[in-house]
Novice: 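Encoded as structure tokens, here's the structure I'll be asking about.
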Amino acid sequence: MNILIFDSLSKKKKKFIPINKNNVRLYACGPTVYDYAHIGNARMAVVTDLLVRVLKTKFKNVTFVSNITDIDDKIIQASNELKISIKDLTSKFFKIYNDEMLSLNVNLPDIQPKATEYIKDMIIMIEKLIKNKCAYVEKNHVMFDVESYKHYGKLSRRSIQEQLDGARIEIGEYKRNARDFVLWKPSDDNQPGWISPWGRGRPGWHIECSAMSKKCLGTPFDIHCGGVDLTFPHHENEIAQSCSAIQPNAEPGKFCRYWFHNGFVTYNGEKMSKSLGNIKLVNDLLKKYDGETIRLCLISAQYRQPLNWTKDILEQSKTTLNRIYKNSKEIHNERYEFPLPLENEFFLEFLESLYDDLNTPKALGILSKLINLKKNKSNGNDIKLIQAINESLKLLGISKKAKPIKKIYSESIEMLIEERNKARKEKNFDKADEIREKLKSQKIEIEDTQEGTVWKKLD
RNA sequence: GGUGCGGUGGCGGAGAGGCUACGCACCGGCCUGCAAAGCCGUGUACACCGGUUCGAAUCCGGUCCGCACCUCCA
């Protein structure tokens with residue numbers, strides 16, 4: 001079976017053929033760590049995590065690199081506002097980011113390079129760009145000369161003229177051309193900076209990804225991931241820099257082979273933005289929902305489609321997940337240690353849908369079919385079905401974590417339940433219902449099951 | 001204005017010329033002291049207008065509407 005990936009550079013779904021099948025390499029533009037992660041950050045992380053998981057079903061070695069941007073003007077600003085050092089700020093939110101992603105069952109990247117640890121590599125790349133006459137120095141700035149790269153605009157499909165027409169930024173004194181962008185800029189005494197051949201300064205926005213992907217993966221590598229909004233200018237500029245550093249006018253394919261872009265998360269049909277105040281933080285959502293529930297929401301639409309985050313979507317996923325777990329109860333209580341069941345036709349059908357450009361909605365549909373099939377089997381225990389369901393849940397990253405069940409002993413609650421069960425035995429149902437209502441007023445919901453009465457605290 | 005992506009049943013969301021996914025919700029039934037859960041079952045759909053075809057949600061032409069990017073952004 002082939003893995004198909006939609007490549008945003010060629011705008012085609014293409015068969016995935018790695019450069020080196022013994023080591024598949026991919027890079028994703030990671031977060032700028034100055035605030036809590038929002039659900040859009042999480043979508044990118046979950047989707048690329050799933051991509052890596054799927055690739056690993058076919059290729060033994062997959063190297064996934066995703067950076068952490070820990071130097072940026074937004075960080076400087078936040079640090080000033082909050083009156084804490086840049087280092088304290090970035091290390092705090094770096095840790096929070098990783099913790100939150102782990103809650104969503106996102107495996108950490110194999111390498112998570114921090115921009116500040118690769119300044120030297122950025123300087124080397126900038127020097128190379130100057131040497132190749134693709135960049136120029138002007139008033140302590142180093143600018144990339146967009147005119148020098150003939151493939152500029154290929155990814156975002158913008159002609160030079162269009163960009164000039166649409167340009168709303170003023171041409172800086174140090175810019176020869178409106179579209180030229182900063183590789184290096186000077187820092188004043190109050191700004192963080194590093195010594196460079198162009199004076200004390202700091203890198204521009206795009207150069208870090210070019211430097212780190214080259215250093216950590218080597219070029220060309222296989223897949224470059226990120227949110228659609230990064231297509232322009234970030235990814236366009238990355239291509240220009242990375243390729244020009246190899247050789248003037250090098251083809252985009254010299255940098256990476258597939259561009260993988262995930263769609264946006266909107267909230268009630270609008271883009272999440274700070275000015276609209278509709279940013280949904282992962283941190284807040286995790287207070288009320290399991291990571292698995294949030295993850296299921298994020299994969300309920302195919303990754304390239306826009307995902308509209310509404311009030312109901314989480315509740316719906318919660319119910320769905322609940323049903324999945326209830327119907328695969330015994331699966332979670334047993335540990336199956338199979339190698340990936342590639343001879344299992346049920347699992348293969350599921351896998352095929354993911355191989356088709358990560359068609360998660362289809363995959364979830366197949367999973368439901370498998371569960372229904374298992375339920376309807378007279379013995380209900382077909383080992384192949386159980387195995388397929390189990391592996392499918394594991395691959396999607398929504399299988400229930402082996403969380404220790406917190407047994408919060410509450411004497412009053414236990415006593416009331418006992419009292420109610422006694423009343424039920426005596427067929428004193430009025431009293432039984434009274435107790436149910438009483439518990440409900442304390443936000444305790446009870447449920448009579450075959451294993452006895454269980455209770456849970458309502459939110 | 002330019003570029004790109006879309007408009008599928010009450011909602012979410014696949015599919016992509018005939019076999020009308022799937023989930024959530026609704027409704028009916030079974031089960032249950034009740035409730036919940038579970039089980040069985042029913043229904044409703046492809047933005048609009050033309051065309052091609054024996055047959056179109058799916059192809060072609062046009063229209064309308066939405067969203068995103070072009071400025072920091074996942």
Side-chain angles (χ1 to χ4, degrees), chain A residues 8 11 28-32 35 37-48 66 69 72-74 77 153 155-159 161-170 179 205 225-234 236 261-266 269-274 279 296-297 299-302 304-324 326-327 329 353 356 359-372 375-376 420 423-430 432-433 436-437 440 445-450 453-456:
Chain A
S8 348
K11 292 257 180 280
C29 293
T32 303
D35 204 347
H38 61 249
I39 198 67
N41 296 307
R43 186 181 197 189
M44 174 266 170
V46 164
V47 162
T48 49
S66 186
T69 298
D72 175 274
D73 287 0
K74 288 195 297 285
Q77 198 187 332
L155 180 69
S156 53
R157 278 149 214 266
R158 283 157 222 263
S159 72
Q161 195 52 46
E162 276 163 19
Q163 284 169 54
L164 289 175
D165 292 346
R168 291 183 224 162
I169 12 152
E170 287 173 36
R179 297 168 308 140
W205 173 32
C225 315
V228 264
D229 56 323
L230 292 181
T231 309
F232 189 87
H234 187 55
E236 193 71 71
H261 285 112
N262 66 273
F264 242 77
V265 180
T266 56
E270 281 176 313
K271 180 183 169 168
M272 290 195 296
S273 75
K274 287 194 171 168
I279 301 250
L296 180 60
C297 285
I299 61 172
S300 64
Q302 204 261 355
R304 283 188 283 122
Q305 298 306 124
L307 179 65
N308 190 25
W309 200 263
T310 62
K311 246 192 228 168
D312 304 327
I313 182 172
L314 270 160
E315 286 298 328
Q316 191 170 305
S317 291
K318 190 177 168 183
T319 319
T320 304
L321 207 54
N322 221 290
R323 182 182 155 277
I324 291 175
K326 279 212 161 134
N327 283 298
K329 210 172 183 178
S353 63
D356 183 11
N359 193 337
T360 46
K362 194 175 180 187
L364 290 167
I366 292 167
L367 180 64
S368 284
K369 263 200 285 185
L370 294 180
I371 288 172
N372 288 335
K375 279 197 311 206
N376 295 340
R420 175 174 166 274
R424 287 171 72 210
K425 254 185 201 157
E426 291 162 358
K427 304 221 183 273
N428 186 353
F429 298 120
D430 283 347
D433 289 345
R436 177 198 288 283
E437 283 307 312
K440 203 170 186 182
E445 190 178 76
I446 53 171
E447 191 180 324
D448 299 320
T449 72
Q450 286 191 331
T453 305
V454 294
W455 62 273
K456 66 175 178 185

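Below, chains carry the letters A, B, ... as their sequence lines are ordered, and counting in each starts from 1.
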Novice: Between R43(A) and T449(A), just flag the one whose closest nucleotide in RNA chain B comes earlier from the 5' side.
Specialist: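 Closest to the 5' end, via its nearest nucleotide, is T449(A).
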Novice: State which residues pass side-chain hydrogen bond (donor to acceptor under 3.5 Å, both in side chains) with D35(A); sequence neighbours excluded, sorted by chain then number.
Specialist: K274(A)
Novice: Work out how far the C1' atom of C46(B) is from that of U8(B), and round it to whole angstrom.
Specialist: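 Rounded to whole Å, the distance is 4 Å.
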Novice: Going by the side-chain contact (heavy atoms from CB on, under 4.5 Å) test, name the single residue among T449(A), I446(A), D448(A) that passes it with V454(A).
Specialist: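 Of all the options given, the one that passes is T449(A).
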Novice: What nucleic acid atoms does H38(A) come within less than 4.0 Å of, heavy atoms only: base, sugar-phosphate, or nothing?
Specialist: base
Novice: I want to check something: taking the side chain as every heavy atom from C-beta on, are W309(A) and T266(A) in contact at a cut-off of under 4.5 Å?
Specialist: no
Novice: Rounded to whole Å, how long is the line connecting atom NE2 of H234(A) with atom P of C69(B)?
Specialist: 16 Å
Novice: Starting at atom CG of D229(A), determine the distance to atom C1' of C69(B), rounded to an integer number of angstrom.
Specialist: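 Whole-Å distance recorded here is 8 Å.
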Novice: C54(B) and C39(B): how far apart are their C1' atoms, nearest whole angstrom?
Specialist: 43 Å
Novice: For nucleotides 5-14 of chain B, give me one character per nucleotide, 5' to 3': B if any protein heavy atom sits under 4.0 Å from the base, S if the only such contacts are to the sugar-phosphate, - if neither.
Specialist: ------BSSS
Novice: Taking side-chain hydrogen bond (donor to acceptor under 3.5 Å, both in side chains) as the definition, give me every residue that meets it alongside S368(A), ordered by chain and number, with sequence neighbours left out.
Specialist: none
Novice: Name the residue closer to the 5' end of RNA chain B, choosing between I366(A) and D356(A) according to the nucleotide with the nearest heavy atom.
Specialist: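 The residue closer to the strand's 5' end, by nearest nucleotide, is D356(A).
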Novice: Any N or O donor-acceptor pair linking the side chain of H261(A) to the base of A74(B) at under 3.5 Å?
Specialist: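 No pair found.
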Novice: Could you work out, with side-chain hydrogen bond (donor to acceptor under 3.5 Å, both in side chains) as the rule, every residue matching T310(A), not counting sequence neighbours?
Specialist: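 Expected list: none.
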Novice: Touch check for T231(A), heavy atoms < 4.0 angstrom, all strands: base, sugar-phosphate only, or nothing?
Specialist: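 If one applies the 4.0 Å heavy-atom cut-off, T231(A) turns out to touch nothing in the nucleic acid.
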Novice: Quote, to the nearest angstrom, the P distance that separates G2(B) from U63(B).
Specialist: 13 Å
Novice: In whole Å, what is the span from the CD atom of E236(A) to the C1' atom of C72(B)?
Specialist: 18 Å
Novice: Using the C1' atoms only, state how far G9(B) lies from A57(B), rounded to an integer number of Å.
Specialist: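 Straight-line distance between the two C1' atoms is 12 Å.
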Novice: Counting side-chain heavy atoms from C-beta on, which of A74(B), C70(B), C72(B) comes nearest to F264(A)?
Specialist: A74(B)
Novice: Could you check how far CG of D73(A) sits from P of C72(B), rounded to whole Å?
Specialist: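 So the CG-P distance, D73(A) to C72(B), works out to 11 Å.
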Novice: In whole angstrom, give me the gap between the P atoms of C60(B) and U53(B).
Specialist: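 Pairwise P distance, C60(B) against U53(B), rounds to 16 Å.
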Novice: What are the two closest heavy atoms between L230(A) and C29(A), and how far apart are they?
Specialist: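 Heavy atoms only, the tightest pair is CD1-CB, 3.8 Å.
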Novice: Say we look at G12(B) and G4(B): how far apart would their C1' atoms be, to the nearest angstrom?
Specialist: 24 Å
Novice: Please name all residues satisfying side chain to side chain contact (heavy atoms under 4.5 Å, CB included) with S300(A), sequence neighbours left out, ordered by chain then number.
Specialist: L307(A), I313(A)
Novice: When rounded to the nearest Å, what value does the distance between C1' atoms of C19(B) and G62(B) take?
Specialist: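 That atom pair is separated by 32 Å.
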Novice: How would you list, by chain and number, every residue that makes a ring pair (Phe, Tyr, Trp, His ring centres under 6.0 Å) with H38(A), sequence neighbours excluded?
Specialist: none
Novice: Let me know the distance between CD1 of I371(A) and P of A37(B), rounded to the nearest Å.
Specialist: 17 Å
Novice: Looking at every non-hydrogen atom in both residues, tell me the closest pair between M44(A) and A28(A) and how far apart they are.
Specialist: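 Nearest pair, atom of M44(A) first, then A28(A): CE-CB, 3.2 Å.
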Novice: Please enumerate all residues that pass side-chain hydrogen bond (donor to acceptor under 3.5 Å, both in side chains) together with N359(A), with sequence neighbours excluded.
Specialist: none
Novice: Touch check for G40(A), heavy atoms < 4.0 angstrom, all strands: base, sugar-phosphate only, or nothing?
Specialist: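 Result for G40(A) = base.
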Novice: List RNA chain B stems (3 or more consecutive Watson-Crick/G-U pairs, under 3.5 Å)?
Specialist: B:1-7 with B:64-70, B:10-12 with B:22-24, B:27-30 with B:38-41, B:47-51 with B:59-63
Novice: A25(B) P sits how many Å from K318(A) NZ, rounded?
Specialist: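 Going from NZ in K318(A) over to P in A25(B) covers 13 Å.
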Novice: Using the C1' atom as the point on both nucleotides, what is the distance between G66(B) and C34(B), in whole Å?
Specialist: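 Per the computed distance, 48 Å lies between those C1' atoms.
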Novice: Could you write out each protein N or O paired with an N or O of nucleotides 29-34 of chain B at a distance under 3.5 Å?
Specialist:
residue: G33(B); atom: O6; partner: R420(A); partner atom: NH2; Å: 3.2
residue: G33(B); atom: O6; partner: R424(A); partner atom: NE; Å: 3.4
residue: G33(B); atom: N1; partner: D433(A); partner atom: OD1; Å: 3.0
residue: G33(B); atom: N2; partner: D433(A); partner atom: OD1; Å: 3.0
residue: G33(B); atom: N2; partner: D433(A); partner atom: OD2; Å: 2.6
residue: C34(B); atom: O2; partner: R436(A); partner atom: NH2; Å: 3.4
residue: C34(B); atom: N3; partner: R436(A); partner atom: NH2; Å: 2.8
residue: C34(B); atom: N4; partner: D448(A); partner atom: OD2; Å: 2.6

Novice: Any side-chain heavy-atom pair from E447(A) and T453(A) closer than 4.5 angstrom?
Specialist: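 No; the side chains remain at least 4.5 Å from each other.
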Novice: Please identify each residue that fulfils side chain to side chain contact (heavy atoms under 4.5 Å, CB included) with A363(A), with sequence neighbours left out.
Specialist: F350(A), S353(A), L354(A)
Novice: Could you work out, with salt bridge (charged side-chain N to carboxylate O under 4.0 Å, His left out) as the rule, every residue matching R436(A), not counting sequence neighbours?
Specialist: none
Novice: Go along nucleotides 39-44 of chain B 5' to 3' and tag each nucleotide: B for a protein heavy atom under 4.0 Å from its base, S when only backbone or sugar atoms are that close, - otherwise.
Specialist: SS----
Novice: If we ignore angles and hydrogens, is there a donor and acceptor under 3.5 Å between the side chains of T32(A) and D72(A)?
Specialist: no
Novice: If I compare all heavy atoms of T360(A) with all of I299(A), which pair ends up nearest, and what's the gap?
Specialist: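 Shortest heavy-atom contact: OG1-O, 2.7 Å.
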